[in-house]
Every structure is written in structure tokens, then in C-alpha cells.
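The next block holds one structure in the form of C-alpha cells; read it before the comments.
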Amino acid sequence: MKSEPDVFGIADLERDRVTIWDGVRNYQARNFLKSMEVGDLAFFYHSNTSPPGIVGLMQIIEAQVVDPSQFDLDGEYYDPKSTIIAPRWHTVKIEFVRTFNSQIALATLRDRFTSEELLAVKQGNRLSVMPILDRVAEQILQMAENLTPIN
DNA sequence: GCCAACGTTGGC
DNA sequence: GCCAACGTTGGC
């Protein structure tokens, strides 16, 4: 799951511990959010930063959450086509698990995985929520273990 | 800041 | 329903 650190980064999640992942306004990304279940783990990815990459881990603690921002008239995620009876945007509530000692850069992920193995590595991919194979996720977690801490 | 890739909008 | 124009994302 991607977020720009300037907007909401892993440090913000570590501080808040729990958050609703609101503001996703892409149908494909929303469908992936809808498929998530309580207990699922997700990587936190920093986009639009240098270098971009995976910075930590979080856990889904509530599924099928109606995104409240779609009803916020003054917010940037307001959707006039959404109604309380038929909301268009669902998301998840997540909890901070941990920040990696050092981030796993996109370049490293590209070195290690093909775009078939890891969708996030595919050039031109703009999806902010993407599925990941268990096997690949385990390898990434292993990579995180082996990272040397930054001071 | 540039720009390729992609999604959305809207005229027809 | 097609597709050109436009807006956005996000790596570099």
C-alpha cells in the first residue's frame, strides 16, 4: 500500500498506531482493498520520494470499512455520487506493526523480483494498492531482517 | 522539473 | 462505444 511520506508516512502511522486508509479513488485499488481480511499483513510503501521503497509493515484490523472521506463536503476526497445507502468507496482500518531498520528501495526490489512476481515493480504501475504473493512477501520480510540499521 | 504511463472525461 | 484531450501519478 502506497503513500507519500510528505502526506502520510510510516512515521505518522507509528505515531497514530491505527488509521483508516482513506482517499483511495481508483476502482482497481478499491477492489483490492475490498478483498482484504482482518489479520492480513501489508507493506507500507513510500512513493514520490527519493528513493521510493518499502519502509515497514502493518496489519488489517478491520475490513470493509466505508471510507468516511467520501462524505466530507470540504475535503479533497468528497464524492458527490456517494450516498450513505450506496457508498462507492470502501477501505480498511490498519494498525502499525513495525518500521524496517532501513527501507527496501524500489531498485533493490527490481533487482530481486520480476514484474510477474511483484506487481509493484512493473514500470508505469500507478496502483496505490496491490496484491503480493505470499512467497514474495516472505522473501521481502527476510530482506528486511538482513538490513543493517541506519544510525 | 520532466515526462512516460495510465485513468478519466466528454463530444460525437 | 470510440477515442482525443486532459489530468494525475510517480520514477528519475
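Only a predicted model underlies this, so the values are computations on that prediction, with no experimental measurement involved. The sequence lines fix the lettering, A, B, ..., with proteins before strands; numbering per chain opens at 1.
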With a 3.5 Å cut-off and sequence neighbours excluded, list the donor-acceptor pairs that the side chains of residues 112-122 of chain A form with protein atoms.
residue	atom	partner	partner atom	Å
Thr114(A)	OG1	Glu116(A)	N	3.4
Thr114(A)	OG1	Glu117(A)	N	3.2
Glu117(A)	OE1	Thr114(A)	N	2.9

Return whichever of Arg25(A) or Gln123(A) has its heavy-atom-nearest nucleotide of DNA chain B closer to the 5' end.
Gln123(A)

Could you list the residues that satisfy side-chain contact (heavy atoms from CB on, under 4.5 Å) with [X], not counting sequence neighbours?
X         : value
Glu14(A)  : Arg17(A), Phe96(A), Thr99(A)
Ser35(A)  : none
Leu127(A) : Asn26(A), Gln28(A), Ala29(A), Phe32(A), Asn125(A), Met130(A)

Heavy atoms under 4.0 Å is the rule here; annotate nucleotides 3-11 of chain C 5' to 3' with B where the base is hit, S where only the sugar-phosphate is, and - elsewhere.
----BBBBS

Please list, one pair per line, the donor and acceptor atoms closer than 3.5 Å that link side chains of residues 84-91 of chain A to other protein atoms, with sequence neighbours excluded.
residue	atom	partner	partner atom	Å
Arg88(A)	NE	Asp79(A)	OD2	2.9
Arg88(A)	NH1	Tyr27(A)	OH	3.2
Arg88(A)	NH2	Tyr27(A)	OH	3.4
Arg88(A)	NH2	Asp79(A)	OD2	3.0
Trp89(A)	NE1	Asp79(A)	OD2	2.8
Thr91(A)	OG1	Trp21(A)	O	2.6

